[in-house]
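Data block below; observations after.
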Amino acid sequence: MSNQTSIPVIVNGAAGKMGREVIKAVAAASDLTLMGAIDTTPEHQGKDAGELAGLSEPLEVPITNQLEPMLAYVAGERQMQPGVLVDFTHPDAVYNNIRSAIAYGIRPVVGTTGLSPAQLEELADFAEKASTGCLVIPNFSIGMVLLQEAALRASQYFDHVEIIELHHNQKADAPSGTAIQTAQLLAEMGKTFNTAIVEETEKIPGARGSLADEGIRIHSIRLPGLIAHQEVIFGAAGQIYTLRHDTSDRACYMPGVILAIRKVNQLKSLVYGLEKIL
Ligand SMILES: NC(=O)C1=CN([C@@H]2O[C@H](COP(=O)(O)OP(=O)(O)OC[C@H]3O[C@@H](n4cnc5c(N)ncnc54)[C@H](OP(=O)(O)O)[C@@H]3O)[C@@H](O)[C@H]2O)C=CC1
Ligand SMILES: O=C(O)C1=N[C@H](C(=O)O)C[C@H](O)C1
C-alpha cells in the first residue's frame, strides 16, 4: 500500500482493554498505518504500543500522553489520506478529544460511551461547521445491530419492554451507551411502552431501574466475570420474547472499528450508530 492510499490512525486509550485490541486490528490492516498511540496511564508512557497489545514484534510506536502534538503531526502529513482518531478512553475525556481532533481536521471514530445528548448535539454542530466526518458508535458489534433490528420489529407487536445490560465492574458509566441507544431506537417507534396497571412504590430507590423515554426501563448490572451483555425482554399476555447478545471477546468489535475507520473519511458530519454505515 503506497503512502497516498494509506489512512494514518491515532489510537487514544491505547493501553486500555479496547485500545490494545484496536492496535492489533490496525496493525493487521494493510491500508491503515498506526501513527500514534495515546494513553494517560503513567506506567505505560514510552512503551511500544504493539508489544503492550501482545504482538510478538514491536510496532515502533511508543505510547505517549501528547494528544494535541500528535493530532498536529498527523494533520501536517500531506502524503497520506486524512487522519483518523480512534477514541476508547473515558466518558470524562471523550468530548474534548473529539473537539480537538475535529479542530485539526482529524476524523474521530468514537467508541467511548457516556456523551450526554447535549454534548452530542454540540459535537454534531462542530463537525457540520468544519465539514468533517465523525462517527460515534455506542456498539461496534454486528450482533448488537441485529439485536436492535429484531427489537424494533418486535416492538410493533409488543407494548411492554424492559432492557437489562450487564457489564464488567470496571465500567465507569451506567446505563451502557448501547442500552441508551437501544431505548432511543425503541422510543422513536412512536408509541409509549409499559403503561402501568397499578400504582408502584419503590421500597428501595432504583428498584425499577432507570426510566428512559416512552416508559422504557433500563437495569444495569456490574459484576467481575462479565464482559458486555444485553437483554431486551418483551412481555404480553401469556408470552415473553427475549433477545440477548453476549460478548465473549473484545475482538468482536474490530470488524466494525476497521469499517468505521475506512468510512469516516467519506462523511462530512457526525453520524451516530454502526447501522448507518453498514
Ligand atoms: N463502542 C463500543 O463498541 C465499545 C465501547 N467501549 C467503551 O470504550 C471506553 C473504554 O473502554 P475500555 O477499553 O474497556 O476501558 P479501559 O479503562 O480499559 O481503557 C481506557 C484507557 O484510556 C485511558 N485514558 C483515560 N483517560 C484518558 C485520556 N484523557 N486520554 C488518553 N487516555 C485516557 C485509560 O487510562 P487509565 O486507566 O490510566 O485511566 C485506559 O488506559 C468506555 O467508554 C467503554 O464503554 C468499550 C467496548 C466496546
Ligand atoms: O464498557 C464496555 O465494556 C462496553 N461499553 C459499551 C457501552 O457502554 O454500550 C459497548 C459495550 O457494551 C461494551
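Computed over heavy atoms, backbone and side chain alike; hydrogens, waters and symmetry mates excluded. Not measured: the values here are computed from a predicted model. Counting starts at 1 for both ligands and their atoms, in listed order.
- With L85 as the partner, the side chain to side chain contact (heavy atoms under 4.5 Å, CB included) test is satisfied by one option alone out of V9, L67, V109, I98: L67.
- Residue L34 is not grouped with residue M70 when hydrophobic side chains (ILVMFWY) are merged at heavy-atom distances under 4.5 angstrom, including chains of intermediate members.
- Residue contacts with ligand 1: F140 is placed with a nitrogen or oxygen under 3.5 Å of a nitrogen or oxygen of the ligand (distance criterion only).
- Relative to atom 2 (C) of ligand 2, the option among H168, H229, H245 with the closest non-hydrogen atom is H168.
- When V136, I137, L135 are each tested for a side chain to side chain contact (heavy atoms under 4.5 Å, CB included) with Y272, only one passes: V136.
- If you number the atoms of ligand 1 from 1 as listed, the ones under 4.0 Å from a heavy atom of K171 come out as 45 (O).
- Side-chain contact between M35 and V61 is absent, with no heavy atoms from C-beta onward closer than 4.5 Å.
- Annotation: side chain of V232 is in contact with side chain of V161 (closest heavy-atom distance under 4.5 Å).
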Checklist entry - Can you list the steps and then say if D246 with H229 is a side chain to side chain contact (heavy atoms under 4.5 Å, CB included)? => result CA-CA 5 Å; D246 292 290; H229 317 259; 2.7 Å; yes
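- Taking distance alone, with nitrogen or oxygen atoms compared against 3.5 Å, I137 approaches ligand 1 more closely than that limit.
- At least one donor-acceptor pair under 3.5 Å links the side chain of Q45 to the backbone N or O of N65.
- Near A228, meaning under 4.0 Å from any of its heavy atoms, are these atoms of ligand 2: 11 (C), 12 (O), 13 (C).
- In this comparison of A172, A14, A93, C252, the heavy atom closest to atom 29 (N) of ligand 1 sits on A93.
- In terms of protein heavy-atom proximity, atom 2 (C) of ligand 1 is closest to P138 O, 3.4 Å.
- Interface atoms of ligand 2 facing T113, defined by a heavy-atom separation under 4.0 Å, are 6 (C), 7 (C), 8 (O).
- Among the atoms of A179, none of the N or O lies under 3.5 angstrom from an N or O of ligand 2.
- Crowding of F126 atom CZ: a count of heavy atoms from other residues, nucleotides or ligands under 6.0 Å exceeding 12.
- Residue contacts with ligand 1 for L67 are absent, since no atom lies close enough (heavy atoms, distance under 4.0 Å).
- Residues E149 and L152 fail the side-chain proximity criterion, which asks for heavy atoms closer than 4.5 Å.
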Next on the checklist: Between Y253 and F88, is the ring pair (Phe, Tyr, Trp, His ring centres under 6.0 Å) condition met? List the steps.
Outcome noted: CA-CA 12 Å; Y253 302 117; F88 283 99; 7.7 Å; no
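- Distances between N or O atoms of H90 and those of ligand 1 include no value under 3.5 Å.
- Under a 4.0 Å criterion applied to the non-hydrogen atoms of H167, ligand 2 contributes the atoms 2 (C), 3 (O), 4 (C), 11 (C), 12 (O), 13 (C).
- For the pair I240/I233, a side-chain contact is recorded, criterion being any heavy-atom separation below 4.5 Å from C-beta on.
- T178 and E165 share no donor-acceptor pair across their side chains, judged by distance under 3.5 Å alone.
- Backbone and side-chain nitrogen or oxygen atoms of G19 are examined, and none is located within less than 3.5 angstrom of a nitrogen or oxygen of ligand 1.
- Taking 4.0 Å as the cut-off, G114 does not count as a neighbour of ligand 1 on heavy-atom distance.
- Within 6.0 Å of CD in E57 there are 12 or fewer heavy atoms belonging to other residues, nucleotides or ligands.
- Here the protein heavy atom with the shortest distance to atom 19 (O) of ligand 1 is G16 CA, 3.2 Å.
- Against a heavy-atom cut-off of under 4.0 Å, N139 is close to the following atoms of ligand 1: 1 (N), 2 (C), 3 (O).
- Among all protein heavy atoms, the one lying closest to atom 9 (O) of ligand 2 is T178 OG1, 2.4 Å.
- With S220, P138, S176 as candidates, the residue nearest to atom 6 (C) of ligand 2 on a non-hydrogen basis is P138.
- Taking the side chain as every heavy atom from C-beta outward, I38 and Q66 never approach each other to under 4.5 Å.
- Annotation: side chain of Y95 is not in contact with side chain of S116 (no heavy-atom distance under 4.5 Å).
- The protein atom (non-hydrogen) at minimum distance from atom 31 (C) of ligand 1 is N12 OD1, 3.1 Å.
- Less than 4.0 angstrom separates some heavy atom of T89 from each of these atoms of ligand 1: 9 (C), 10 (C), 20 (C), 22 (O), 27 (C), 31 (C), 32 (N), 33 (C).
- Inter-residue side-chain proximity for I261 and V26 is flagged as met; some heavy-atom pair is nearer than 4.5 Å.
- Of all protein heavy atoms, the one lying nearest to atom 4 (C) of ligand 1 is F88 CE2, 3.7 Å.
- Using bins of under 30°, 30° to 60° and over 60° for the plane-to-plane angle, the ring pair Y241/F158 lands in the parallel bin.
- In this structure, the protein non-hydrogen atom closest to atom 22 (O) of ligand 1 is G13 CA, 3.4 Å.
- Interface atoms of ligand 2 facing G177, defined by a heavy-atom separation under 4.0 Å, are 7 (C), 8 (O), 9 (O).
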Next on the checklist: Walk me through whether T182 and I216 qualify under side chain to side chain contact (heavy atoms under 4.5 Å, CB included).
Outcome noted: CA-CA 10 Å; T182 308; I216 300 164; over 6 Å; no
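- Close contacts between ligand 1 and M18 involve ligand atoms 13 (O), 46 (C), 47 (C), 48 (C) [criterion: under 4.0 Å to a heavy atom].
- Put simply, atom 39 (O) of ligand 1 has no protein non-hydrogen atoms near it, under 4.0 Å away.
- For atom 26 (N) of ligand 1, the nearest protein heavy atom (residue, atom name, distance) is T40 OG1, 3.6 Å.
- Side-chain atoms of T89 and N12 include no donor-acceptor pair closer than 3.5 Å.
- For ligand 1, the atoms lying closer than 4.0 Å to a non-hydrogen atom of T41 are 35 (O), 36 (P), 37 (O), 38 (O), 41 (O).
- Among all non-hydrogen protein atoms, the one lying nearest atom 6 (N) of ligand 1 is G111 O, 3.8 Å.
- At least one N/O-N/O distance between K17 and ligand 1 falls below 3.5 Å.
- Distances between N or O atoms of D39 and those of ligand 1 include at least one value under 3.5 Å.
- Atom 8 (O) of ligand 2 has K171 NZ, 2.7 Å as its closest protein atom, hydrogens excluded (heavy atom only).
- If you check which protein heavy atom lies closest to atom 42 (C) of ligand 1, you get T113 OG1, 4.1 Å.
- Close contacts between ligand 2 and Y253 involve ligand atoms 11 (C), 13 (C) [criterion: under 4.0 Å to a heavy atom].
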